[in-house]
Amino acid sequence: MPQTGQPLFLARRSYRRRRLMDAARLLPVLGVVLILLPGLWHPAETVAPDTGRGGLYLFAVWIGLILAAFLIARGLGPVLDVEELPEGFATAGRVRGADPDDAAEG
């Protein structure tokens, strides 16, 4: 196949969907790194451990991971629902069987 010199065009929707799927795959790794990070902190100059700062950090990481997972799931939800439908199930942008009135007719 000869090169035409034109840049490769990727559809914006599929590109964003793939990046969201990549983010969903990397979120657990990011979470583990962020949760284990307080173990690398140097202790305070006192003998007593500094648990207050570590507890607040872990709570903030936990909330941040929940929000990130929610946003990623929200972005991927409609795309993944359509991909799981069998061929010919979705017609004209509408899903058959989704409306209770459709079930009564068929």
Tell me the closest heavy-atom pair linking Tyr57 and Leu37, and the distance in Å. OH-CD2, 3.4 Å
For Phe59, the hydrophobic cluster (side chain heavy atoms closer than 4.5 Å, chained through members) also holds Trp62, Ile63, Ile66, Leu67
Solution key, residues 19-32 side-chain donor-acceptor pairs under 3.5 Å, sequence neighbours excluded:
{"from": "Arg19", "atom 1": "NE", "to": "Asp22", "atom 2": "OD2", "distance (Å)": "3.1"}
{"from": "Arg19", "atom 1": "NH2", "to": "Asp22", "atom 2": "OD2", "distance (Å)": "2.8"}
{"from": "Asp22", "atom 1": "OD1", "to": "Arg25", "atom 2": "NH1", "distance (Å)": "3.2"}

Under the rule for ring pair (Phe, Tyr, Trp, His ring centres under 6.0 Å), what residues qualify as partners of Phe70, not counting sequence neighbours? none
